[in-house]
Amino acid sequence: MMGARKKQKTYRFQGGVHPPEEKLTAALPTEAMPLPEKIYIPLSQHIGAPAVPVVKEGDRVLTGMVVAEAGGFVSTPVHASISGTVTGIVDYPHPVGRNMPAVVVESDGADKLDEKITPPPDINSLTGEEIREIIKNAGIVGLGGAAFPTHVKLSPPKDKPIDTLIINGAECEPYLTADHRLMLEHPEKVIGGARLLAKALGVTRVLTGVEKNKMDAVQALTGATGSDVAVVPFAVHYPQGAEKQLIKASVDRVVPAGGLPMDVGVVVQNVGTAAAVYDAVTDGMPLISRIVTVTGPGIRTPKNLRVRIGTPLSEVIASCGGLAPDVRKVILGGPMMGNAQFNLQVPVIKGTSGVLLLTESAAEVLQPGPCLRCGNCVRVCPMGLTPLMFARYTELGMFDEAAEFNVADCIECGCCAYECPAHIPLVQYAKYAKAEIQNRKRKAAG
Amino acid sequence: MKDVYLITSGPHVHSTDSIPRVMYSVVLALLPAVAVSILFFGAAALMMYAISIITCIAAEAACQKIMKRPVTVTDGSVLITAILLAMNLPPSAPWWLVVVGSLTAVVLGKQVYGGLGYNPFNPVLVARVVLLISFPVQMTNWVSPAPLFSGIDMVSMATPLGEIKTELLTTGAIDLARYNYFDFTVGFMGGSLGEMSVIALLLGALFLLYRGYITWHIPVTYIGTVFVLTGIFWMYDPTSFANPVFHVLAGGLVLGAFFMATDMVTTPVSPRGMVIFGLGCGILTVVIRLFGGYPEGVAFSILLMNAATPIIDRYTVPRKFGYTRPDEAGGAS
Amino acid sequence: MLSAILTLAGLGFLAALGLAVASRVFYVKMDPRVATIADILPGANCGACGYGGCGAFAQAIVSGEGKIEACSAIDEEGAHAIADIMGIMYTESEKEWAVVLCRHTDGGVANTFDYVGISDCRAANLVGGGPKACPSACIGLGTCAAVCPFGAITMSADGLPIIDPNRCTACGVCVAECPKNVIVLAPVSSAVSVHCSSEDKGAAVKKVCSTGCIGCGACVRVCPFEAMTMENNLAAVNYSKCRVCGLCVSVCPTNAIRDHRDELKVRKIAVIGDDCNGCTLCARACPVDAIAGNPKEQHTVDPARCIGCGICADQCKRGAVSMITVDNTEDEASGPATVVGGGGR
């Protein structure tokens, strides 16, 4: 207890913005959502190869049963989040914008847990290797949004020694409070998961980063931890929760351009991932649900909900009182980096941290004006890039010149477009430039 | 309930910043200096501002209509051009001078390049320099302040910089004892309409710094360079060179450093680039003032550095986060 | 005064000397044919030839590496002129043009969402696959029109690219840049195309588009030359077999197949000459009953009914039937079509 009181020094990262926090749901306890009638489990909810189905139409499945196995090393299995019957494997709308294969399960209302789900006999004697295996079989991916298979992150190559594990509780996006509620309601899971992850990696230095607008969570976590996991409050500054920025702010190490955190000996995991790891190891529960913040001026009753993976968005919205009459934008994720959706049938997937409904006035998109070369975008870019330059070159189709301005290092955080007085869609230009540069490389390679 | 939603790329929220907000903030920042100039020069000043504003707005609207572009006169940028242009002319300027200047600034300085954001040179300075070279007499007919309702007529009076240049040529030495620096700060001296009151200008500049629309890099570097360089020459020979405080307060340096050299469109975007820009402006201003044919070098030096902005930008791309020198690259790809 | 004149004259002389020396020392021996050939080339630098630009291509031709046939933008006269300069053979290749395999006009394909962002199809494609309800639809923001080096593409009022056959040189830039890959190159002579790229089943297509291919197969059944294929619910024209008769166009229930013969000036009709001996083989073979004539008497083709398929010409053993190109761009109701060009079958 005493050790955790020692104040950890935090550092600053360059750039960043401070959008209004709008944490409408911060004080609302997480509610369990009523079971959906049908769930649609996409085979591709993570970075890497899509999962390969092991069930077929007509099969009966129980909650927590594997419905699709990992499709490769960088891949994870996918589990049924309710019990029922498989009605088919169809092309179904996916949050990414097009139809993709999904396993459809019709609920039998019983939510019967698979008998095979049992906790391992002696948790404390598990080796790092065994922990990784449990994580892999539980289908755990990065719940911060990137959805990278966790067991792969925990298996860095031998020439990249890891000495620090950082648990990311920053939740720097406005509106989202899913991680906040998790830390408040189940701090023991977060800390317990952190310890398991540390064991899997073989590190002793663990710190949990939380933004200062969640001091109650800091208290809760500090109460649940010992001297082995430090809880560090950070300044409220977007994008505090971005991997590279968080590493710089906590241990003052700079991840090299084009590199990964393991290049500086660090692994970062979201608090939700840590809690899921705890559940998987202590109860044997695979990843079948997550906390989702449903918020924004466009929803009647904002809530923090525990949602089963695969629940259609329309049902999530319905359990929050439905949409306000002038809803204009439906966003999965936060307002800075989330993806706008056009189809309310898309399911909640492993990486869905929030559903943000914006009304006409909140979603107002102004006509872009000419670039004033004001330099706001240069000042706020956390990666030290020059967005106005590569946006202008991209507009002219000069992708080679755009590449010279390091567009490949853009993390698409949205700080530049947020501050641009001319309302130029700088992030879209960055994505466009990156896609075209990749295209041309591929075509040139033949 | 609408079935069709709006899809854009992120981010889906935006700061309150917009082009009109930036522009009108600059107009607000100029108001103290405008007020002082009207105070000191009365009806003549009001006329100049009025003519300038009307001509500039009309010229921009006409150009945009003719070039089939959307008419954007309400975004505030042309208002800034109009006010700054008037501030750069002598208070005795005849109405036609103001009109020619306005047309030059808006048409030749801005619209032919494609409008806001595309001009390589500061439009106000383009106009000022064109007028200076075309109408040298009218552009150097400096007058003493004739405040509103004072009944005083405007009398010809040289600017401090002009005076010391003439003095140097005629007597070979400068006598600065007669100058009252308080007058300079408040603005009771000869000069262009808006350049005189240092206090009023600084007030406006502080507001812009607070809002974040200008940064300290260019003004501090510019004024600092002028101060240091003139200081070096003054220390070497105090009779032939004026002291650095004089150089900072007299002439259009404060106006130029805070409001013209910080024009976003024509100056570098990176902090390092801005410092180089300020340095260049400072050196050129000092060279022109001390060794050139004109008593004042601010307009020319800023225009010359505007021309250098693209190459400064090219070579001062900020270091990206995680930049590794090629020899250090090692394991990271 | 004198010294000023001498100084300036001296400077001028030195500068001239410097230039003369430089032009000798830095002289690059260039084959004069390169410049002449570069002049003849269209100068659009479209890159269809595979080289960086017309200048690079001219050098490649002279060095023997490049084949004149690689340039799709050059006209015949120019190509032959280059062939003469180089003293090589030039074989004329089939003229092609770009065809947009989507026809979402007249409210054809609905928008699934309101898109606000960069006005470029490639950029819009990154945002949810583009705003059209059909995943294979043309996005319609005009990237093809913007990249066409010959200005051959204009966008219609409802966001569909219109290709001008007189300007299109089949350079292929639009084909490469279209993010939905709905533009293809097709031979001009085979002026019939299926303007749809959707492989969705008929019901799904009908839900989102009124002019898409629903995979009914009517075109496959009606084609007398087996030139229509149906794969993955999408019809396609086999250009080696298509005789451009236009029967498929008339039976397509959604108007997905269109006829561009008049636009491309390749409409043909049959004309029966004096060698006809009245064997009636042609009349019996004609799929639209356009040939009239009593047995053993001169047969005639009704130009208003003839669809130019050429089956009659195939049947005639005496070579009495010839296919001629007509220009139908005037009012169809007024009299017979004007004969534009002669030619064998």
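Just the heavy atoms: all of them, side chains too, but no hydrogens, waters or symmetry mates, feed the values below. Within every chain, numbering begins at 1; the chains are lettered A, B, ... in the order of the sequence lines, protein sequences first and strands thereafter.
Classification of A:D163 and A:R253 as a salt-bridged pair holds, one side-chain N sitting under 4.0 Å from a carboxylate O. Salt bridge A:K434/A:E412: present, at least one basic N to carboxylate O contact under 4.0 Å.
The environment of B:I311 atom CD1 is sparse: at most 12 non-hydrogen atoms of other residues, nucleotides or ligands sit within 6.0 angstrom. For B:R69, the CZ atom counts as densely surrounded, since its 6.0 Å shell holds more than 12 non-hydrogen atoms of other residues, nucleotides or ligands. The number of heavy atoms from other shown groups lying within 6.0 Å of OH (B:Y315) does not exceed 12.
Neither the backbone nor the side chain of A:M337 comes within contact range of chain B; no heavy atom of the residue lies under 4.5 Å from a heavy atom of that chain. In this structure, chain A has no heavy atom under 4.5 Å from any part of B:P20. Neither the backbone nor the side chain of A:P20 comes within contact range of chain B; no heavy atoms are under 4.5 Å apart. For chain B, the nearby part of A:E404 is the side chain; its heavy atoms alone come within less than 4.5 Å. A:V427 touches chain B through backbone and side chain together, each having a heavy atom under 4.5 Å away. Contact annotation for A:C371: only backbone heavy atoms (N, CA, C, O) come within less than 4.5 Å of a heavy atom of chain B. Heavy-atom distances place the side chain of A:K248, and not its backbone, under 4.5 Å from chain B. For A:F405, the part lying near chain B is the side chain, with the backbone staying farther off; criterion is any non-hydrogen pair under 4.5 Å. For A:N376, the part lying near chain B is the side chain, with the backbone staying farther off; criterion is any non-hydrogen pair under 4.5 Å. Of the two parts of A:L426, neither the backbone nor the side chain holds a non-hydrogen atom closer than 4.5 Å to a non-hydrogen atom of chain B. Heavy atoms of B:V13 lying under 4.5 Å from chain A belong to its backbone as well as its side chain. For B:Y118, the part sitting under 4.5 Å from any heavy atom of chain A is the side chain, from C-beta outward, and nothing else. When heavy atoms are compared at a cutoff of 4.5 Å, A:I331 approaches chain B solely by way of its side chain, counted from C-beta outward.
To the nearest 0.5 Å, atom CG of residue B:L79 and atom CE of residue B:M23 are 11.0 Å apart. The distance from the OH atom of A:Y432 to the CD1 atom of A:I437 is 11.0 Å, given to the nearest 0.5 Å. Once rounded to the nearest 0.5 Å, the distance linking CD1 of B:I312 with CE of B:M305 reads 4.0 Å.
For the set A:A422, A:P370, A:A362, the entry with the most heavy-atom pairs within less than 4.5 Å of chain B is A:P370. In terms of heavy-atom pairs under 4.5 Å with chain B, the best-connected choice from A:G334, A:G375, A:A417, A:P425 is A:A417. The greatest number of non-hydrogen atom pairs below 4.5 Å with chain B, out of A:G414, A:P335, A:C415, is found for A:P335. Contact tally against chain A (heavy-atom pairs below 4.5 Å) for B:D313, B:T262, B:T266: the top residue is B:D313. Ranked by non-hydrogen atom pairs under 4.5 Å with chain B, the options A:L388, A:L372, A:V378 are led by A:L372. Ranked by non-hydrogen atom pairs under 4.5 Å with chain A, the options B:S77, B:S270, B:S18, B:G10 are led by B:S18. Listed options A:Q14, A:Q245, A:Q341 were ranked by heavy-atom pairs under 4.5 angstrom with chain B; first place goes to A:Q341. Contact count against chain B (heavy-atom pairs under 4.5 Å) is highest for A:P421 among A:G384, A:P421, A:C413.
Aromatic ring centres of B:H217 and B:F277: separated by at least 6.0 Å.
The two atoms that bring B:L201 and B:M87 nearest to each other are CD2-CE, 4.1 Å, heavy atoms only. Of all the heavy atoms in B:T267 and A:R373, the pair that sits closest is O-NH2, 2.9 Å.
Taking the six-membered ring where the residue is Trp, A:H237 and A:H18 present perpendicular rings, their angle passing 60° and hence far from 30°.
Between the side chains of B:Y323 and A:D409, no donor N or O sits under 3.5 Å from an acceptor N or O.
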